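Quick one: the structure is below, questions incoming.
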Protein chains: 2
Amino acid sequence: MKIALIQQKFHATKQTTLETTAYMIKEAAQNGAELVCLQELHTNKYFCQSENANFFDLGEHFADEVLYFSNVAKENGVVLVTSLFEKRGAGLYHNTAVVFEKDGRVAGKYRKMHIPDDPGFYEKFYFTPGDMGFKPIETSVGKLGVLVCWDQWYPEGARLMALSGAEILIYPTAIGWFDGDSVEEKTRQLDAWITIQRGHAVANGLPVVAINRVGFEKDCSGVLDGIRFWGNSFVAGPQGEMLISGDNENEEIIFCEIDKQRTEDVRRIWPFLRDRRIECYDGLLKRYID
Amino acid sequence: MKIALIQQKFHATKQTTLETTAYMIKEAAQNGAELVCLQELHTNKYFCQSENANFFDLGEHFADEVLYFSNVAKENGVVLVTSLFEKRGAGLYHNTAVVFEKDGRVAGKYRKMHIPDDPGFYEKFYFTPGDMGFKPIETSVGKLGVLVCWDQWYPEGARLMALSGAEILIYPTAIGWFDGDSVEEKTRQLDAWITIQRGHAVANGLPVVAINRVGFEKDCSGVLDGIRFWGNSFVAGPQGEMLISGDNENEEIIFCEIDKQRTEDVRRIWPFLRDRRIECYDGLLKRYID
């Protein structure tokens, strides 16, 4: 199965960005991609750099965006993983991945479960933690374990998706550097981000896909300088082996061939699921064991 | 804190191996190591390459070995992490890490929880799965999250140790290549082994230490050729950054300075423990969610 990761910048306006995305999806489909994956909150700039109640306006367009991408998926005949700002009710918003079938139907949704809150990433202000659990989305190209960004730091999310039969983990992401950090710190951060996700691939014997934003986005509140999104979208195979990776500053479509049989083969030589000590894992349901 | 990893071969006899180990521990102590970590089942060849009931004899010497290493720890004034074959009762054996204080007292034990069983690694024949849970061992150099080999493929073990306050994860290991595998497969295996453990460091914001055997050991049953233990003992910091690594064929003492303050600093910028969705993790206690 050929998949495509669309690594993008925000193009000054939502309209231009949407058009660029649609164009890249078309190009991906024309090059044989059956599954196309977009980055986190790809229809807008990364608005969580500051806490501003006006930005909740961006969530008003969830239904329109679903309709838009439903059409894009249908026109191009691809399974499409999107990441949208969902207004669910007044004062109730989620960071939601919506997956579309090749015929434009909504195959399923995933509401981001782990919500970060750090300087420049004020997501707890905007997003209610997901209440749909860690459930893979059934599609014509397989069961997709769609998770979002901060989830990638949690082995629990990856494991729960795998235990529920996910055949591939997909992380739409918006992560980047602060220019003020040292080169060493930046290197450690990028490397940690890649490493832990490759680790999920190894632990669960399945491919992992991460799609990240590129470009510098200014903090419009002026408190911080802004975030330089580090790209490096990648696909790892079920032994954690790097199959392909994007660069750290350019828009690009990253194509990758996924061989689903590899999961079966790798899990036969590394049958980690066989030996889990589930009767001794109660502590995982605790905040801290003290 | 300076630590030392003793990466070793099996030296034809147990006596010679014990003497070499004691000599290397002495050298480590003389060079300032306060914590010395040994590889898995370091007093013997890796006997699990075949299923042979006579090898249970090796477990008869557990008490003697505890006494031996208690003296070595005391003589050198180091905290010492050993990995021994423990006979607990007739027909009841464990793969047990015993940790000694600087004064020779037993600080604590850990009985390997996840037991592998693959061609050449017939551990389910020899070892009853541990029944002491995932509890860090309190020592004068900190709370040590000692786990053993196959445990390293399980994010659950690492997380449980971290939640119980472990300040460092330590994995005595015996893992290697089959000469018949391709170079590509060998590379993927070694890299997966390093990557998943670095991933535990990232997920839990603490240093990870892996100590592995080197040298080729023939399969005395003649069924397989044998295992070429791949060394590469290493220490990763709390962002998963590689601090130091051994090579793949030589005996060596690997020294590393561990800065425990880094865990505090890294967890402040990456507060993953804060955002765990413990109310949604019940599925982790299931074998499979089907």
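Here is how names work: the chains are called A, B, and so on, in the same order as the sequence lines, proteins then strands, and each is numbered from 1. Bear in mind that the values here come from a model prediction, so they are computed numbers and not experimental data. Computed from heavy atoms alone, side chains included, the values below leave out hydrogens, waters and symmetry copies.
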When only heavy atoms count and the cut-off is under 4.5 Å, which of residues 126-140 of chain A reach chain B?
P129(A), G130(A), F134(A)
The interface call for P119(B) against chain A, heavy-atom contacts under 4.5 Å, is neither
Quick one: CD1 on I227(B) to CD on Q49(B), what's the gap to the nearest 0.5 Å?
3.5 Å
Tell me, for E185(A) versus chain B, whether the close heavy atoms (under 4.5 Å) come from the side chain, the backbone, both or neither.
side chain
Out of A201(A), G157(A), P155(A), return the one with the most heavy atom pairs under 4.5 angstrom to chain B.
P155(A)
Is I115(B) in contact with chain A via its backbone, its side chain, both, or neither, using a 4.5 Å heavy-atom distance?
backbone
Only pairs of heavy atoms separated by less than 4.5 Å count here; which of R198(B), K124(B), R276(B) has the most with chain A?
R276(B)
Q197(A) versus chain B, heavy atoms under 4.5 Å apart: side chain, backbone, both or neither?
neither
Heavy-atom cut-off 4.5 Å, strictly under: side chain, backbone, both or neither for K286(A) against chain B?
backbone
Check whether D117(A) gets within reach of chain B through its side chain, its backbone, both or neither, counting any heavy atom under 4.5 Å.
both
Any sub-3.5 Å donor-acceptor pair from E257(A)'s side-chain atoms to M1(A)'s backbone N or O?
yes
Under 3.5 Å: donor-acceptor pair, side chain of Y110(A), backbone of G145(A):
no
Given side chains that start at C-beta, do those of W150(A) and K112(A) come closer than 4.5 Å, heavy atoms only?
yes
For each of A236(B), G283(B), G237(B), G240(B), tally heavy-atom pairs with chain A at distances under 4.5 Å, and name the one with the top tally.
G283(B)
For residues 160-172 of chain B, which side-chain donor-acceptor pairs fall under 3.5 Å, sequence neighbours excluded?
| unit_1 | atom_1 | unit_2 | atom_2 | d |
| --- | --- | --- | --- | --- |
| S164(B) | OG | L160(B) | O | 3.2 |
| E167(B) | OE1 | K260(B) | NZ | 3.4 |
| E167(B) | OE2 | K143(B) | N | 2.6 |

Output the option from Y288(A), F272(A), W270(A) having the highest count of non-hydrogen pairs under 4.5 Å with chain B.
F272(A)
For the pair D191(B) (side chain) and Q189(B) (backbone), establish whether a donor and an acceptor sit closer than 3.5 Å, ignoring hydrogens and angles.
no
Can you check whether K186(A)'s main-chain N or O pairs, donor with acceptor, with W177(A)'s side chain at less than 3.5 Å?
yes
Atom group of E241(A) that falls short of 4.5 Å from chain B, counting heavy atoms
side chain
Let's test your reading of the structure: which of M113(A), H200(A), E279(A), M242(A) forms the most heavy-atom pairs below 4.5 Å with chain B?
M113(A)
Side chain of T263(B), backbone of G205(B): donor and acceptor closer than 3.5 Å?
yes
Heavy-atom pairs under 4.5 Å with chain A are the metric here; pick the option from V202(B), N204(B), I269(B) that has the most.
V202(B)
F216(A)-F229(A) aromatic ring centre distance below 6.0 Å
no
Relative to chain B, which segment of W193(A) carries a heavy atom at a distance below 4.5 Å: side chain, backbone, both, or neither?
neither
Do R228(B) and D179(B) sit within salt-bridge range, that is, some charged N less than 4.0 Å from a carboxylate O?
yes
Taking Y281(A) for the side chain and R277(A) for the main chain, is one N or O donor matched with an acceptor at less than 3.5 Å?
yes
Any side-chain to backbone donor/acceptor pair from R213(A) onto G176(A)? Under 3.5 Å, distance only.
no
For chain B, which of A192(A), P116(A), A158(A) has the most heavy-atom pairs under 4.5 Å?
A192(A)
Would you say the side chain of R159(B) lies within less than 4.5 Å of the side chain of Y154(A), judging by non-hydrogen atoms?
yes
